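Encoded as structure tokens, the structure appears first; notes follow it.
Per chain, numbering begins at 1; letters A, B, ... match sequence-line order. Values in this document were obtained by computation on a predicted structure and should not be read as measured data.
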Protein chains: 2
Amino acid sequence: MNKPARKSRSGARRSVTIKDVARYAGVSPMTVSRVVNGGQYVSDATRQTVMQAVRQLGYSPNLAARNLASARGERMGLLYGNPSASYLSEFLVGALDAATRHGVQLVLEKCEMTPAASRRAVRRLVAGGVVGVVLPPPLCESAVIRAELQAARMRIVAVAAARPPADVMCVSIDDFAAAREMTRYLLALGHTRLGFIKGHPNQTASEERWRGFTAAVQEHGNLPAPRVEQGFFTFRSGLDAARKLLSGEPLPSAIFASNDDMAAAVMAEAHRRALEVPNDLTVVGFDDSLIAANIWPGLTTIHQPIAQMAGEAVDMLVASVRGGKRGALAEPVHRLVAHELVTRESAARPKSTTA
Amino acid sequence: MNKPARKSRSGARRSVTIKDVARYAGVSPMTVSRVVNGGQYVSDATRQTVMQAVRQLGYSPNLAARNLASARGERMGLLYGNPSASYLSEFLVGALDAATRHGVQLVLEKCEMTPAASRRAVRRLVAGGVVGVVLPPPLCESAVIRAELQAARMRIVAVAAARPPADVMCVSIDDFAAAREMTRYLLALGHTRLGFIKGHPNQTASEERWRGFTAAVQEHGNLPAPRVEQGFFTFRSGLDAARKLLSGEPLPSAIFASNDDMAAAVMAEAHRRALEVPNDLTVVGFDDSLIAANIWPGLTTIHQPIAQMAGEAVDMLVASVRGGKRGALAEPVHRLVAHELVTRESAARPKSTTA
DNA sequence: CCCTAGATTGGTATCGCTACCATCCCCCCC
DNA sequence: GGGGGGGATGGTAGCGATACCAATCTAGGG
């Protein structure tokens, strides 16, 4: 029964392992592991030595092994429906980045908003061994999907749901405050005849934005009643709303659309009517989506740190899953992140202030 | 020396493993493994039995274990710079999907196009244990990055580089054919006074598109010389080009911009000059990026199956890395995928054909 | 000065799966 | 009818890391 020196399976040169580092540093693999994972109970001297060895050898832990040993490496789902879609890009970047950081795998799943499709998507997720799901808008608002997911005992983090149910985790901006801030900005510019295009009624963010708008209007007081149209977050719906807003008299001097796509539509319609933006009409949006900087004039809008939000969502998911394993499942968190008013060229003082 | 029955580490109920399936199906774990991995040397009967068991138990292989055992689970990098950015979204979806399919990890890295930044990004990638990199445009054209990457012995797949160097793998559409097709379409509509906005000169796709355009013009023959302006794929540059194209006499009846952002700029400028699209001016783009469907009128353009391309890029990377391990590194492939001309509202017959 | 608590470190046993090899068996051919 | 060839299957040994526990050492309290 002779023991072969080392049955290296694939002839290829193995990468440096924790044992190599341990040998090099003159400690046990365990100690290296502790250092690498920032564990406690390691003396400073040892830590230094080990870190030195790590650097020297260019050691990078094997994710697969680590995941296997620590029963980590869970799969997280990202169920995306049909987000404003420029949204998705940033969202994915942020989510993927966080996933890499935590060493979890991110599984994408597309899903239409019909009950049947939701069910199918959730089933695929479950089959894929996913233990938690990030829900970007607009899926985060779908009660059906949430129910399906909860039935499958998945943890959920909704992103950008302005008023999530109490029992799901959520990360979002303060839509109310943001819309109020934008409206205050318009008022500060001197606008008095305001137009507002509401967002899709099935999203709670829409209502928050609307509430923020009216709050600012009311606190200013002494304004003609704003003209309001219903929109649905699509370019098309924005166009319809814009036509209505721009046909009556008196024309609004500033229009606040509940997202950028609709704001872009307002600008298109304004141009068609030979109204110059921002000289004849101020247009502002919400989201700071891709289109905002890619039209002319650039759109003044509210920026959401989408990537950051997606990242935090994944963080929360991981924390929940790992924490939950140890029994300590904290109550659902609702994390607010900071938004930012981005000024570009589409907003200016009104041409002739009647005030 | 008593053997504890099963020292289950985390008290949590373990998920079903290959052994469970094996026991359930009455075969050895190896056989299950072979079935699950579609290996040969399994009788149909056994295969059926095992698959049945898999379904019954809801077995899903543990990725970490699989990767660890098979020395798989490599990390692939995705180095993105500043792509048309609506691009990125679809690209990520496709790439991530393929990565999940292959069980490899996708690591994102952002990188400006300066040499210093490139070097840093590549170093981070190397440090992260990445063995191959997908290069979406415009990074795929950067010689610096390619050199850095090749110096680090990374495998590279460039996406959408129209004429990649012979030694890197590539997946792209046939920009030449696509541009020619679009131009033929314009000519078929009856346009004779054409305008063309070239793409950024540092991207090979630009030249291919330009070549496709001229090829169609020449094969048609008997046309006034098209007006041509240089663009740089940005909205801004498109605006400049549009101003020039729309100021001389005679006005072009159709403008073909080398990407959608520039086409959108042409439309914006046309509107400003009270030219109606498509009645007074036909505008077409290239890429079918997000903006194409989100402006009015919708942009007729060339659709690239971006997600598919990204997916194939990852496939190629994986194949190369895994194949390369077995020594059989095939020569760099250049894979062409099909494009599609998408007609929306921005193109129509010219108002008065002078022909 | 002994004893306990806590800090630090090492050893061992897996984690779930697959590579590699040994084995068994069936069938064909000389 | 025996020897091969190859299909089908099982056994064994890790892959590289961490969890858990034991062992050692240091420092105070009684």
Side-chain angles (χ1 to χ4, degrees), chain A residues 1-12 14-23 25-47 49-50 54 57 59-74 103 129 322 325-326, chain B residues 1-12 14-23 25-47 49-50 54 57 59-74 103 129 322 325-326:
Chain A
M1 210 111 74
N2 53 358
K3 181 151 130 269
R6 166 176 269 292
K7 195 161 74 178
S8 167
R9 264 204 280 210
S10 59
R14 298 175 320 103
S15 56
V16 12
T17 76
I18 201 171
K19 276 188 203 162
D20 301 324
V21 178
R23 192 162 23 217
V27 297
S28 82
M30 266 318 300
T31 303
V32 176
S33 173
R34 274 189 280 257
V35 170
V36 170
N37 294 294
Q40 39 189 351
Y41 297 142
V42 183
S43 71
D44 266 355
T46 311
R47 188 184 303 276
T49 316
V50 172
V54 166
L57 268 44
Y59 167 70
S60 140
N62 179 317
L63 235 187
R66 171 181 285 185
N67 286 344
L68 178 56
S70 56
R72 218 184 298 162
E74 305 89 350
R322 305 223 167 126
K325 266 184 191 158
R326 306 213 178 71
Chain B
M1 209 114 74
N2 54 356
K3 183 152 127 263
R6 167 173 269 292
K7 195 161 74 179
S8 166
R9 260 201 286 209
S10 57
R14 298 175 322 104
S15 58
V16 15
T17 76
I18 201 172
K19 275 188 200 161
D20 300 324
V21 178
R23 193 164 21 220
V27 297
S28 82
M30 265 319 300
T31 304
V32 176
S33 172
R34 272 189 281 256
V35 170
V36 171
N37 294 294
Q40 40 189 351
Y41 298 142
V42 183
S43 71
D44 266 355
T46 311
R47 189 184 303 275
T49 316
V50 171
V54 166
L57 268 45
Y59 167 70
S60 139
N62 178 316
L63 235 186
R66 170 181 286 186
N67 286 343
L68 179 56
S70 55
R72 220 185 294 162
E74 306 88 350
R322 305 224 168 126
K325 267 184 192 158
R326 306 213 177 70

| query | Between A:Thr17 and A:Asp20, is a side-chain contact (heavy atoms from CB on, under 4.5 Å) present by the stated rule, with each step listed? | reply | CA-CA 5 Å; A:Thr17 76; A:Asp20 301 324; 3.5 Å; yes
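- B:Leu57 places its CG atom 14 Å from the P atom of C:dG16, with the value rounded to the nearest Å.
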Distances for protein N/O vs nucleotides 22-24 of chain C N/O pairs under 3.5 angstrom?
none

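- In this structure, CZ of B:Arg23 is placed 19 Å from P of D:dT9, rounded to the nearest angstrom.
- Residues B:Tyr59 and B:Val36 come closest through the heavy atom pair CE2-CG2, 4.1 Å.
- Taking every heavy atom of residues 26-38 of chain B and every atom of DNA chain D, pairs under 4.0 Å involve B:Val27, B:Ser28, B:Met30, B:Thr31, B:Arg34, by number.
- Distance CG (A:Asp20) to C1' (D:dG16): 10 Å, rounded to an integer number of Å.
- Direction change of the helix axis from one end of the helix from C:dC1-D:dG30 to C:dC30-D:dG1 to the other is 50°, with five pairs defining each end axis (rounded to 10°).
- Every residue two or more places apart in sequence or in another chain was checked for a side-chain hydrogen bond (donor to acceptor under 3.5 Å, both in side chains) with B:Thr49, and none qualifies.
- For A:Asp44 and C:dT9, the CG to C1' distance is 15 Å, given to the nearest whole Å.
- OP1 or OP2 of C:dA19 has not a single side-chain nitrogen or oxygen of B:Ser70 nearer than 4.0 Å.
- For B:Thr17, taking side-chain heavy atoms from C-beta onward, the closest of the listed nucleotides C:dC17, D:dG7, D:dT18 is C:dC17.
- Separating the CG atom of B:Asn67 from the P atom of C:dT18 is a distance of 10 Å, rounded to the nearest angstrom.
- In this structure, of D:dT18, D:dA8, C:dC17, it is C:dC17 that holds the atom nearest to the side chain of B:Ile18.
- If you take NZ of B:Lys19 and P of D:dT12, they are 12 Å apart, rounded to a whole angstrom.
- The listed nucleotides are D:dT9, C:dG16, D:dA17; the one nearest the side chain of A:Pro61 is D:dA17.
- Residues meeting the side-chain hydrogen bond (donor to acceptor under 3.5 Å, both in side chains) test with B:Arg66, sequence neighbours left out: B:Asn37.
- The two residues A:Ala22 and A:Ser28 come nearest to each other via the heavy atoms CB-C, 3.7 Å.
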Would you tabulate the nitrogen or oxygen pairs shorter than 3.5 Å linking the protein to nucleotides 22-28 of chain D?
none

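- The separation between A:Leu68 atom CG and C:dC15 atom C1' is 4 Å, rounded to whole Å.
- Closest heavy-atom contact between A:Gly38 and A:Arg47: CA-NH1, 4.5 Å.
- Nucleotide C:dA7 holds its P atom 14 Å from the CZ atom of A:Arg47, rounded to whole Å.
- Put simply, A:Tyr59 has a side-chain N or O that comes within less than 4.0 Å of OP1 or OP2 on D:dA17.
- Distances shown here put every side-chain N or O of B:Ser43 at or beyond 4.0 Å from the OP1 or OP2 atom of D:dG7.
- Pairing each heavy atom of A:Val21 with each of A:Val50, the nearest pair is CG1-O, 4.4 Å.
- Using a 4.5 Å cut-off on side-chain heavy atoms (C-beta onward), A:Asn62 and A:Ser15 make no contact.
- Across every non-hydrogen atom of B:Gln40 and B:Arg34, the tightest pair is O-CD, 3.9 Å.
- Here the CD-CG distance, from B:Glu74 to B:Asn67, works out to 7.5 Å after rounding to the nearest 0.5 Å.
- Contact between the side-chain N/O atoms of B:Arg66 and the OP1/OP2 oxygens of C:dG16 is not found at any separation under 4.0 Å.
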